[in-house]
Amino acid sequence: MIKILKYGQVPNSDIFARVTPAVDVAAAVSGILADVRTRGDRAVLDYTRKFDAPQLETLPVSQQEIEEAFALVEPEFLSILEEAAENIRLFHSKQVRNSFVIADKPGIILGQKVTPIEKVGVYVPGGTAAYPSTVLMDTIPARIAGCPQIVMTTPPGKDGKVNPAILAAAKIAGVDQIFKVGGAQAIGALAYGTETIPKVDKIVGPGNAYVAEAKKQVFGLVSIDMIAGPSEILVIADGKSDPAQVAADMLSQAEHDRLASAVLITDSEALARAVSDQLEKQLPLLPRRDIARAAIDNGGKIIVAEDLMAGIEIANEIAPEHLELMVDDPFAYLDAVKNAGSIFMGRSCPEALGDYFAGPNHTLPTSGTARFSSPLSVDDFVKKSQFTYYTAGALSGAAEKINYFAGKEGLQAHGRSVMIRQEGKK
(Lines give C-alpha, C1' and ligand atoms only; values in the text may rest on other atoms or scores of the structure.)
Protein backbone atom coordinates (compact mmCIF):
# COMPACT_ATOMS: atom_id res chain seq x y z
CA MET A 1 0.00 0.00 0.00
CA ILE A 2 1.18 3.51 -0.78
CA LYS A 3 2.77 5.59 1.98
CA ILE A 4 0.98 8.73 3.23
CA LEU A 5 3.43 11.30 4.62
CA LYS A 6 2.64 14.61 6.33
CA TYR A 7 5.17 17.23 5.31
CA GLY A 8 6.85 18.71 8.35
CA GLN A 9 6.04 15.67 10.51
CA VAL A 10 8.40 13.21 8.84
CA PRO A 11 12.08 13.61 7.88
CA ASN A 12 12.71 15.37 4.58
CA SER A 13 14.76 12.35 3.56
CA ASP A 14 11.47 10.39 3.44
CA ILE A 15 9.76 13.11 1.39
CA PHE A 16 12.52 13.41 -1.20
CA ALA A 17 13.80 9.82 -1.32
CA ARG A 18 14.08 8.20 -4.76
CA VAL A 19 14.16 4.54 -5.71
CA THR A 20 17.45 3.77 -7.45
CA PRO A 21 18.44 0.67 -9.44
CA ALA A 22 20.38 -1.81 -7.33
CA VAL A 23 22.09 -3.59 -10.22
CA ASP A 24 25.42 -2.32 -11.55
CA VAL A 25 25.60 -2.97 -15.29
CA ALA A 26 28.63 -0.82 -16.10
CA ALA A 27 31.10 -3.69 -16.49
CA ALA A 28 28.74 -5.77 -18.63
CA VAL A 29 27.97 -2.81 -20.87
CA SER A 30 31.64 -1.95 -21.22
CA GLY A 31 32.36 -5.46 -22.46
CA ILE A 32 29.53 -5.35 -24.99
CA LEU A 33 30.65 -1.99 -26.34
CA ALA A 34 34.25 -3.15 -26.70
CA ASP A 35 33.10 -6.25 -28.56
CA VAL A 36 30.92 -4.24 -30.94
CA ARG A 37 33.76 -1.82 -31.59
CA THR A 38 36.09 -4.70 -32.45
CA ARG A 39 33.84 -7.14 -34.31
CA GLY A 40 31.18 -4.84 -35.77
CA ASP A 41 28.23 -6.55 -37.44
CA ARG A 42 29.26 -10.00 -36.23
CA ALA A 43 29.10 -8.91 -32.59
CA VAL A 44 25.82 -7.08 -33.07
CA LEU A 45 24.26 -10.10 -34.77
CA ASP A 46 25.56 -12.48 -32.09
CA TYR A 47 24.06 -10.38 -29.27
CA THR A 48 20.77 -9.95 -31.12
CA ARG A 49 20.49 -13.70 -31.62
CA LYS A 50 21.37 -14.27 -27.97
CA PHE A 51 18.93 -11.78 -26.44
CA ASP A 52 16.15 -11.32 -28.99
CA ALA A 53 15.84 -13.32 -32.19
CA PRO A 54 17.77 -16.64 -32.29
CA GLN A 55 17.33 -17.16 -36.03
CA LEU A 56 17.93 -13.60 -37.23
CA GLU A 57 19.90 -13.52 -40.48
CA THR A 58 20.27 -9.83 -41.35
CA LEU A 59 20.17 -6.59 -39.38
CA PRO A 60 18.53 -4.09 -41.78
CA VAL A 61 14.75 -3.80 -42.07
CA SER A 62 13.86 -3.97 -45.75
CA GLN A 63 11.47 -1.65 -47.53
CA GLN A 64 9.27 -4.68 -48.18
CA GLU A 65 9.06 -5.36 -44.44
CA ILE A 66 8.06 -1.75 -43.82
CA GLU A 67 5.32 -1.89 -46.44
CA GLU A 68 4.04 -5.23 -45.13
CA ALA A 69 3.96 -3.89 -41.58
CA PHE A 70 2.13 -0.76 -42.72
CA ALA A 71 -0.52 -2.95 -44.31
CA LEU A 72 -0.95 -4.94 -41.09
CA VAL A 73 -1.73 -1.94 -38.91
CA GLU A 74 -5.42 -1.12 -38.52
CA PRO A 75 -6.50 1.93 -40.57
CA GLU A 76 -7.94 3.53 -37.44
CA PHE A 77 -4.56 3.39 -35.68
CA LEU A 78 -2.76 4.68 -38.77
CA SER A 79 -5.14 7.65 -38.75
CA ILE A 80 -4.38 8.28 -35.06
CA LEU A 81 -0.64 8.05 -35.72
CA GLU A 82 -0.96 10.58 -38.55
CA GLU A 83 -2.93 13.00 -36.38
CA ALA A 84 -0.52 12.64 -33.47
CA ALA A 85 2.40 13.22 -35.85
CA GLU A 86 0.78 16.39 -37.16
CA ASN A 87 0.27 17.67 -33.59
CA ILE A 88 3.93 16.98 -32.83
CA ARG A 89 5.03 18.75 -36.01
CA LEU A 90 2.90 21.79 -35.23
CA PHE A 91 4.31 22.16 -31.71
CA HIS A 92 7.94 21.56 -32.61
CA SER A 93 7.88 23.80 -35.67
CA LYS A 94 7.57 26.72 -33.24
CA GLN A 95 10.95 25.78 -31.75
CA VAL A 96 12.99 26.37 -34.90
CA ARG A 97 15.85 28.82 -34.38
CA ASN A 98 17.17 31.01 -37.17
CA SER A 99 20.69 32.14 -37.89
CA PHE A 100 21.37 35.82 -37.23
CA VAL A 101 23.78 38.56 -38.27
CA ILE A 102 24.76 41.71 -36.36
CA ALA A 103 26.26 44.49 -38.49
CA ASP A 104 25.60 47.64 -36.48
CA LYS A 105 29.23 48.83 -36.18
CA PRO A 106 31.41 49.95 -39.10
CA GLY A 107 33.71 47.22 -40.37
CA ILE A 108 32.36 44.53 -38.04
CA ILE A 109 30.03 41.65 -38.87
CA LEU A 110 29.11 39.11 -36.18
CA GLY A 111 26.70 36.24 -36.39
CA GLN A 112 25.54 32.78 -35.56
CA LYS A 113 24.68 30.07 -38.03
CA VAL A 114 22.42 27.16 -37.14
CA THR A 115 23.29 23.84 -38.79
CA PRO A 116 21.41 20.53 -38.47
CA ILE A 117 23.30 17.58 -37.02
CA GLU A 118 24.30 15.36 -39.93
CA LYS A 119 23.45 11.87 -38.65
CA VAL A 120 21.03 11.06 -35.82
CA GLY A 121 20.44 7.67 -34.21
CA VAL A 122 17.04 6.99 -32.64
CA TYR A 123 16.76 4.12 -30.17
CA VAL A 124 13.26 2.68 -29.75
CA PRO A 125 12.68 0.14 -26.96
CA GLY A 126 11.07 -3.24 -27.49
CA GLY A 127 10.58 -6.14 -25.13
CA THR A 128 7.66 -5.91 -22.67
CA ALA A 129 6.09 -3.02 -24.57
CA ALA A 130 6.44 -1.39 -27.98
CA TYR A 131 6.44 2.39 -28.25
CA PRO A 132 5.48 3.84 -31.64
CA SER A 133 4.97 7.11 -29.77
CA THR A 134 8.74 7.24 -29.12
CA VAL A 135 9.38 6.96 -32.86
CA LEU A 136 7.25 10.02 -33.52
CA MET A 137 8.56 12.07 -30.59
CA ASP A 138 12.24 11.43 -31.28
CA THR A 139 12.20 11.55 -35.08
CA ILE A 140 9.88 14.42 -35.99
CA PRO A 141 11.93 17.15 -34.20
CA ALA A 142 15.04 15.88 -36.01
CA ARG A 143 13.21 16.09 -39.33
CA ILE A 144 12.02 19.63 -38.54
CA ALA A 145 15.61 20.57 -37.65
CA GLY A 146 16.66 19.42 -41.12
CA CYS A 147 18.86 16.45 -40.14
CA PRO A 148 19.81 14.72 -43.42
CA GLN A 149 20.05 11.16 -42.06
CA ILE A 150 17.98 9.50 -39.32
CA VAL A 151 18.84 5.92 -38.36
CA MET A 152 16.63 3.88 -36.03
CA THR A 153 17.46 0.76 -34.04
CA THR A 154 14.90 -1.37 -32.24
CA PRO A 155 15.03 -4.96 -30.96
CA PRO A 156 13.13 -7.56 -32.98
CA GLY A 157 10.81 -10.18 -31.57
CA LYS A 158 11.79 -13.83 -31.37
CA ASP A 159 10.51 -14.26 -34.93
CA GLY A 160 13.03 -11.71 -36.16
CA LYS A 161 10.38 -9.15 -37.02
CA VAL A 162 9.87 -5.63 -35.70
CA ASN A 163 6.52 -4.69 -34.23
CA PRO A 164 4.37 -3.43 -37.16
CA ALA A 165 3.20 -0.34 -35.24
CA ILE A 166 6.82 0.77 -34.76
CA LEU A 167 7.56 0.38 -38.46
CA ALA A 168 4.37 2.23 -39.39
CA ALA A 169 5.32 5.11 -37.09
CA ALA A 170 8.82 5.15 -38.59
CA LYS A 171 7.40 5.49 -42.08
CA ILE A 172 5.08 8.32 -40.99
CA ALA A 173 7.88 10.12 -39.14
CA GLY A 174 10.38 9.82 -41.98
CA VAL A 175 13.09 7.47 -40.67
CA ASP A 176 15.72 6.72 -43.32
CA GLN A 177 17.13 3.37 -42.13
CA ILE A 178 15.98 0.84 -39.55
CA PHE A 179 18.02 -1.95 -37.96
CA LYS A 180 16.92 -4.92 -35.88
CA VAL A 181 19.06 -4.51 -32.82
CA GLY A 182 18.47 -3.40 -29.25
CA GLY A 183 20.26 -3.04 -25.95
CA ALA A 184 23.80 -1.80 -25.35
CA GLN A 185 24.88 -3.41 -28.62
CA ALA A 186 22.60 -1.03 -30.56
CA ILE A 187 24.09 1.99 -28.82
CA GLY A 188 27.59 0.70 -29.59
CA ALA A 189 26.75 0.15 -33.24
CA LEU A 190 25.39 3.69 -33.57
CA ALA A 191 28.34 5.21 -31.72
CA TYR A 192 31.15 3.34 -33.50
CA GLY A 193 29.54 2.30 -36.75
CA THR A 194 29.71 -1.19 -38.22
CA GLU A 195 29.90 -2.62 -41.72
CA THR A 196 26.11 -2.19 -41.98
CA ILE A 197 25.02 0.34 -39.37
CA PRO A 198 26.28 3.89 -39.92
CA LYS A 199 28.10 5.82 -37.23
CA VAL A 200 25.95 8.71 -36.06
CA ASP A 201 26.67 12.05 -34.40
CA LYS A 202 23.90 11.95 -31.80
CA ILE A 203 21.85 9.20 -30.13
CA VAL A 204 18.41 9.84 -28.66
CA GLY A 205 15.71 7.67 -27.16
CA PRO A 206 14.87 5.85 -23.92
CA GLY A 207 15.81 2.33 -22.89
CA ASN A 208 16.54 0.00 -20.02
CA ALA A 209 19.48 0.21 -17.61
CA TYR A 210 21.84 -1.32 -20.20
CA VAL A 211 20.85 1.24 -22.83
CA ALA A 212 21.16 4.14 -20.38
CA GLU A 213 24.61 2.95 -19.25
CA ALA A 214 25.75 2.46 -22.83
CA LYS A 215 24.69 6.00 -23.73
CA LYS A 216 26.61 7.24 -20.71
CA GLN A 217 29.76 5.38 -21.76
CA VAL A 218 29.75 6.55 -25.40
CA PHE A 219 28.96 10.17 -24.54
CA GLY A 220 31.79 12.33 -25.79
CA LEU A 221 32.38 10.18 -28.84
CA VAL A 222 28.81 11.06 -29.79
CA SER A 223 26.24 13.37 -28.29
CA ILE A 224 23.22 11.97 -26.44
CA ASP A 225 19.89 13.45 -25.40
CA MET A 226 20.02 12.52 -21.70
CA ILE A 227 20.57 9.66 -19.25
CA ALA A 228 16.98 8.63 -18.67
CA GLY A 229 15.92 7.11 -15.38
CA PRO A 230 12.64 5.41 -14.44
CA SER A 231 9.36 7.15 -15.29
CA GLU A 232 7.97 9.72 -12.85
CA ILE A 233 4.66 11.43 -12.25
CA LEU A 234 3.83 13.98 -9.57
CA VAL A 235 0.22 15.09 -9.19
CA ILE A 236 -0.65 18.23 -7.23
CA ALA A 237 -4.36 18.01 -6.43
CA ASP A 238 -6.76 19.93 -4.20
CA GLY A 239 -9.57 18.47 -2.15
CA LYS A 240 -12.09 18.89 -4.97
CA SER A 241 -10.22 16.45 -7.21
CA ASP A 242 -11.71 13.09 -8.14
CA PRO A 243 -9.68 10.45 -6.26
CA ALA A 244 -10.34 7.86 -8.98
CA GLN A 245 -8.85 10.15 -11.62
CA VAL A 246 -5.83 10.96 -9.46
CA ALA A 247 -5.17 7.27 -8.82
CA ALA A 248 -5.57 6.43 -12.51
CA ASP A 249 -3.04 9.10 -13.46
CA MET A 250 -0.54 7.82 -10.90
CA LEU A 251 -0.93 4.27 -12.19
CA SER A 252 -0.40 5.43 -15.77
CA GLN A 253 3.29 5.84 -14.91
CA ALA A 254 3.55 3.11 -12.29
CA GLU A 255 2.81 0.49 -14.96
CA HIS A 256 5.96 1.49 -16.88
CA ASP A 257 8.56 0.11 -14.52
CA ARG A 258 8.95 -1.41 -11.06
CA LEU A 259 11.23 1.54 -10.28
CA ALA A 260 8.77 4.16 -11.53
CA SER A 261 7.80 6.99 -9.18
CA ALA A 262 4.15 7.96 -8.63
CA VAL A 263 3.64 10.81 -6.15
CA LEU A 264 0.61 12.82 -5.05
CA ILE A 265 0.92 16.11 -3.18
CA THR A 266 -2.32 17.45 -1.72
CA ASP A 267 -3.59 19.81 0.95
CA SER A 268 -6.45 17.41 1.78
CA GLU A 269 -6.01 14.44 4.12
CA ALA A 270 -9.40 13.16 2.99
CA LEU A 271 -8.24 13.10 -0.65
CA ALA A 272 -5.01 11.37 0.39
CA ARG A 273 -6.95 8.52 2.02
CA ALA A 274 -9.44 8.30 -0.86
CA VAL A 275 -6.65 8.09 -3.45
CA SER A 276 -4.93 5.37 -1.43
CA ASP A 277 -8.19 3.39 -1.47
CA GLN A 278 -8.62 3.96 -5.20
CA LEU A 279 -5.12 2.70 -5.93
CA GLU A 280 -5.97 -0.55 -4.18
CA LYS A 281 -9.22 -0.84 -6.17
CA GLN A 282 -7.66 -0.10 -9.56
CA LEU A 283 -4.38 -1.97 -9.27
CA PRO A 284 -5.84 -5.50 -9.55
CA LEU A 285 -7.57 -4.51 -12.80
CA LEU A 286 -4.33 -3.71 -14.66
CA PRO A 287 -2.71 -6.24 -17.02
CA ARG A 288 0.67 -4.94 -15.75
CA ARG A 289 -0.49 -4.99 -12.13
CA ASP A 290 2.63 -6.73 -10.81
CA ILE A 291 4.86 -3.99 -12.20
CA ALA A 292 2.53 -1.22 -11.03
CA ARG A 293 2.19 -2.80 -7.58
CA ALA A 294 5.96 -2.85 -7.12
CA ALA A 295 6.23 0.78 -8.22
CA ILE A 296 3.46 1.95 -5.88
CA ASP A 297 4.77 -0.01 -2.90
CA ASN A 298 8.43 0.91 -3.37
CA GLY A 299 8.48 4.40 -4.87
CA GLY A 300 4.94 5.66 -4.52
CA LYS A 301 3.97 8.21 -1.89
CA ILE A 302 1.24 10.67 -0.97
CA ILE A 303 2.48 13.88 0.66
CA VAL A 304 0.04 16.01 2.64
CA ALA A 305 1.16 19.64 2.58
CA GLU A 306 -0.13 22.70 4.41
CA ASP A 307 -1.42 24.25 1.19
CA LEU A 308 -0.94 24.00 -2.56
CA MET A 309 1.82 26.61 -2.74
CA ALA A 310 3.76 24.60 -0.17
CA GLY A 311 3.07 21.59 -2.38
CA ILE A 312 4.59 23.36 -5.37
CA GLU A 313 7.71 24.16 -3.34
CA ILE A 314 8.04 20.44 -2.56
CA ALA A 315 7.48 19.62 -6.25
CA ASN A 316 10.21 22.07 -7.25
CA GLU A 317 12.62 20.23 -4.98
CA ILE A 318 11.63 16.86 -6.47
CA ALA A 319 11.80 18.27 -10.04
CA PRO A 320 9.55 15.60 -11.59
CA GLU A 321 9.49 14.34 -15.16
CA HIS A 322 5.71 14.86 -15.39
CA LEU A 323 3.80 17.31 -13.21
CA GLU A 324 0.01 17.52 -13.13
CA LEU A 325 -1.71 20.59 -11.64
CA MET A 326 -5.13 19.13 -10.88
CA VAL A 327 -6.83 22.36 -9.77
CA ASP A 328 -9.50 24.69 -11.15
CA ASP A 329 -7.11 27.46 -12.24
CA PRO A 330 -3.74 25.86 -13.02
CA PHE A 331 -2.46 29.01 -14.72
CA ALA A 332 -2.52 30.77 -11.35
CA TYR A 333 0.20 28.35 -10.20
CA LEU A 334 2.20 28.00 -13.41
CA ASP A 335 4.74 30.74 -12.66
CA ALA A 336 5.51 29.15 -9.29
CA VAL A 337 6.60 25.91 -10.97
CA LYS A 338 10.36 26.12 -11.52
CA ASN A 339 11.47 22.51 -12.02
CA ALA A 340 9.42 20.07 -14.11
CA GLY A 341 9.89 18.32 -17.43
CA SER A 342 6.33 18.68 -18.73
CA ILE A 343 3.39 20.34 -16.96
CA PHE A 344 -0.21 19.17 -17.42
CA MET A 345 -2.73 21.85 -16.60
CA GLY A 346 -6.12 21.32 -14.99
CA ARG A 347 -8.48 18.44 -14.34
CA SER A 348 -8.91 17.39 -17.98
CA CYS A 349 -5.25 16.94 -18.86
CA PRO A 350 -3.98 13.50 -17.84
CA GLU A 351 -0.30 12.85 -18.46
CA ALA A 352 -1.14 10.22 -21.09
CA LEU A 353 -2.35 13.07 -23.31
CA GLY A 354 1.27 14.16 -23.56
CA ASP A 355 2.61 10.65 -24.05
CA TYR A 356 0.74 10.15 -27.28
CA PHE A 357 -1.16 12.97 -28.82
CA ALA A 358 -1.04 16.60 -27.71
CA GLY A 359 2.23 17.58 -29.42
CA PRO A 360 4.79 18.56 -26.74
CA ASN A 361 7.59 16.04 -26.47
CA HIS A 362 7.44 13.08 -24.12
CA THR A 363 11.21 12.51 -23.94
CA LEU A 364 11.80 14.33 -20.67
CA PRO A 365 14.40 14.83 -17.93
CA THR A 366 14.08 12.38 -15.03
CA SER A 367 15.67 11.76 -11.61
CA GLY A 368 15.59 15.43 -10.65
CA THR A 369 17.47 16.61 -13.74
CA ALA A 370 14.56 18.90 -14.64
CA ARG A 371 16.39 21.32 -12.32
CA PHE A 372 18.81 22.01 -15.17
CA SER A 373 17.66 20.26 -18.35
CA SER A 374 14.75 20.37 -20.76
CA PRO A 375 12.48 18.14 -22.85
CA LEU A 376 13.78 16.87 -26.18
CA SER A 377 13.29 19.57 -28.80
CA VAL A 378 14.41 20.81 -32.20
CA ASP A 379 17.34 22.46 -30.38
CA ASP A 380 18.72 19.00 -29.64
CA PHE A 381 19.19 18.31 -33.34
CA VAL A 382 21.07 21.43 -34.36
CA LYS A 383 24.44 22.92 -33.55
CA LYS A 384 25.38 26.56 -33.54
CA SER A 385 28.54 28.13 -34.98
CA GLN A 386 29.59 31.71 -34.36
CA PHE A 387 31.32 33.83 -36.97
CA THR A 388 33.27 37.08 -36.72
CA TYR A 389 34.43 39.47 -39.44
CA TYR A 390 36.54 42.61 -38.82
CA THR A 391 38.04 44.87 -41.44
CA ALA A 392 41.64 46.03 -40.93
CA GLY A 393 40.37 49.39 -39.76
CA ALA A 394 37.98 47.84 -37.24
CA LEU A 395 40.77 45.65 -35.84
CA SER A 396 43.00 48.68 -35.45
CA GLY A 397 40.38 50.31 -33.28
CA ALA A 398 40.35 47.35 -30.89
CA ALA A 399 44.00 46.25 -31.06
CA GLU A 400 45.40 48.07 -28.02
CA LYS A 401 42.47 46.95 -25.85
CA ILE A 402 42.92 43.31 -26.86
CA ASN A 403 46.66 43.50 -26.28
CA TYR A 404 46.10 45.01 -22.82
CA PHE A 405 43.54 42.30 -21.95
CA ALA A 406 45.90 39.53 -23.12
CA GLY A 407 48.67 40.97 -20.98
CA LYS A 408 46.44 40.80 -17.92
CA GLU A 409 46.12 37.04 -18.51
CA GLY A 410 49.84 36.61 -19.17
CA LEU A 411 49.25 35.47 -22.72
CA GLN A 412 51.58 37.69 -24.71
CA ALA A 413 51.31 35.65 -27.90
CA HIS A 414 47.60 36.42 -27.98
CA GLY A 415 48.34 40.11 -27.88
CA ARG A 416 51.17 39.77 -30.39
CA SER A 417 48.85 38.11 -32.92
CA VAL A 418 46.80 41.30 -32.92
CA MET A 419 49.62 43.83 -32.68
CA ILE A 420 51.63 42.32 -35.53
CA ARG A 421 48.84 43.42 -37.83
CA GLN A 422 49.33 47.02 -36.69
CA GLU A 423 53.03 47.22 -37.54
CA GLY A 424 53.85 49.84 -40.14
CA LYS A 425 50.44 51.52 -39.81
CA LYS A 426 51.61 54.41 -37.66
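Note that these values count all heavy atoms, side chains included, but never hydrogens, waters or copies made by symmetry. Just so you know, these numbers come straight off a predicted model, no measurement behind them.
In this model, no donor atom of one side chain and acceptor atom of the other lie less than 3.5 Å apart for Asp257 and Ser231.
Within the 4.5 Å cutoff, the side chain of Lys199 has heavy atoms near those of the Val222 side chain. Between Val218 and Tyr192 there is a side-chain heavy-atom pair separated by less than 4.5 Å. Looking only at side-chain heavy atoms (C-beta outward), His92 and Asn361 come within less than 4.5 Å of each other. The shortest side-chain heavy-atom distance between Ile233 and Glu324 falls under the 4.5 Å cut-off. The shortest distance between side-chain heavy atoms of Val114 and Asn98 does not fall below 4.5 Å. Side-chain contact check for Leu78 versus Phe70: some heavy-atom pair is nearer than 4.5 Å. Contact check for Lys215 versus Asp225: side-chain heavy atoms found under the 4.5 Å cut-off. Proximity of Val135 to Tyr131: side-chain heavy atoms (C-beta onward) are nowhere separated by under 4.5 Å.
One N or O on the side chain of Ser377 and one on the backbone of Asp379 form a donor-acceptor pair closer than 3.5 Å. Checking side-chain atoms of Asp201 against main-chain N and O of Lys119 turns up a donor-acceptor pair under 3.5 Å. Side-chain atoms of Glu232 never come within 3.5 Å of backbone atoms of Thr366 as a donor-acceptor pair (strictly under, hydrogens ignored). Of the possible donor and acceptor atoms, one in the side chain of Ser241 sits under 3.5 Å from a partner among the backbone N and O of Met326. In terms of modelled atom types and a separation under 3.5 Å, the side chain of Arg49 and the main chain of Leu56 share a donor-acceptor contact. Counting only distance, with no hydrogens or angles, the side chain of Ser268 and the backbone of Gly239 share no donor-acceptor pair below 3.5 Å. Ser373 contributes a side-chain N or O that, together with a main-chain N or O of Thr369, makes up a donor-acceptor pair within less than 3.5 Å. Formation of a donor-acceptor pair under 3.5 Å by the Asn12 side chain with backbone atoms of Ile15 is not found in this model. Between the side chain of Lys383 and the backbone N or O of Asp380, no donor-acceptor pair lies under 3.5 Å. Listed for the Thr266 side chain is no donor-acceptor partner under 3.5 Å among the backbone atoms of Ala272.
Residue-environment remark: CZ (Phe331) stays at or below the threshold of 12 foreign heavy atoms within 6.0 Å. Under a cut-off of 6.0 angstrom, the local environment of CZ in Arg97 is sparse, with at most 12 non-hydrogen atoms contributed by other residues, nucleotides or ligands. A 6.0 Å sphere centred on CZ of Phe16 holds more than 12 heavy atoms belonging to other residues, nucleotides or ligands. Around the CD atom of Glu57, the shell of radius 6.0 Å holds no more than 12 heavy atoms that belong to other residues, nucleotides or ligands. More than 12 heavy-atom neighbours from other residues, nucleotides or ligands sit within 6.0 angstrom of NZ on Lys384. Under a cut-off of 6.0 angstrom, the local environment of CZ in Phe387 is crowded, with over 12 non-hydrogen atoms contributed by other residues, nucleotides or ligands. Within 6.0 Å of the CG atom in Asp159, the count of heavy atoms belonging to other residues, nucleotides or ligands exceeds 12. Within 6.0 Å of CD in Glu306 there are 12 or fewer heavy atoms belonging to other residues, nucleotides or ligands.
Atom CD1 of residue Ile303 and atom CD1 of residue Ile265 lie 4.5 Å apart, to the nearest 0.5 angstrom. We find the CE-OH distance between Met152 and Tyr123 to be 11.0 Å, quoted to the nearest 0.5 Å. In this structure, Phe381 CZ and Ile140 CD1 are separated by 11.0 Å, a value rounded to the nearest 0.5 Å. Put simply, CE on Met345 and OH on Tyr333 are 11.5 Å apart, with the number rounded to the nearest 0.5 Å. How far CG of Leu283 is from CZ of Arg289: 10.0 Å, rounded to the nearest 0.5 Å. With rounding to the nearest 0.5 angstrom, the CG atom of Leu45 is 10.5 Å from the NZ atom of Lys180.
Applying the side-chain hydrogen bond (donor to acceptor under 3.5 Å, both in side chains) criterion to Glu280, with sequence neighbours excluded, gives Arg293. Residues satisfying the salt bridge (charged side-chain N to carboxylate O under 4.0 Å, His left out) criterion with Asp249, sequence neighbours excluded, are absent altogether.
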>> Test side chain to side chain contact (heavy atoms under 4.5 Å, CB included) on Arg258 and Asp290; report intermediate values, then the result.
In response: CA-CA 8 Å; Arg258 295 175 186 273; Asp290 291 344; 4.2 Å; yes
> Are Leu167 and Val61 close enough, and set up right, to give a side chain to side chain contact (heavy atoms under 4.5 Å, CB included), and what steps lead you there?
Replying inline: CA-CA 9 Å; Leu167 294 183; Val61 174; 4.0 Å; yes
> Would Met1 and Ser276 satisfy side chain to side chain contact (heavy atoms under 4.5 Å, CB included), going step by step from the backbone distance to the final call?
Replying inline: CA-CA 7 Å; Met1 182 173 286; Ser276 178; 3.8 Å; yes
>> For Glu65 and Val162: C-alpha separation, side-chain torsions, deciding distance, then whether side chain to side chain contact (heavy atoms under 4.5 Å, CB included) applies.
In response: CA-CA 9 Å; Glu65 288 177 284; Val162 174; over 6 Å; no
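A salt bridge links Asp46 with Arg42: the distance from a Lys NZ or Arg NE/NH1/NH2 to an Asp or Glu carboxylate oxygen falls below 4.0 Å. Salt bridge Asp14/Lys3: absent, no basic N to carboxylate O contact under 4.0 Å. Using a 4.0 Å cut-off between charged nitrogen and carboxylate oxygen, Arg347 and Asp242 do not count as a salt-bridge pair.
Minimum heavy-atom separation, Asp355 to Gln253: OD2-NE2, 3.6 Å. Nearest heavy atom pair, residue Ala28 against residue Tyr210, reads CB-CE2, 4.2 Å. Minimum interatomic distance between Pro320 and Ala370 (heavy atoms only, all atoms of both residues): O-CB, 4.0 Å. The minimum heavy-atom distance linking Val151 with Pro198 is given by the pair CG2-CG, 3.6 Å. Closest of all the heavy-atom pairs between Val378 and Pro141 is CG2-O, 3.9 Å. What you find for Ala237 and Leu308 is that their closest heavy atoms are O-CD2, 4.0 Å.
Sorted by first and then second residue, the side chain to side chain donor-acceptor pair (under 3.5 Å) pairs involving residues 161-178 (not counting sequence neighbours) are Glu67-Lys171, Arg143-Asp176, Gln149-Gln177.
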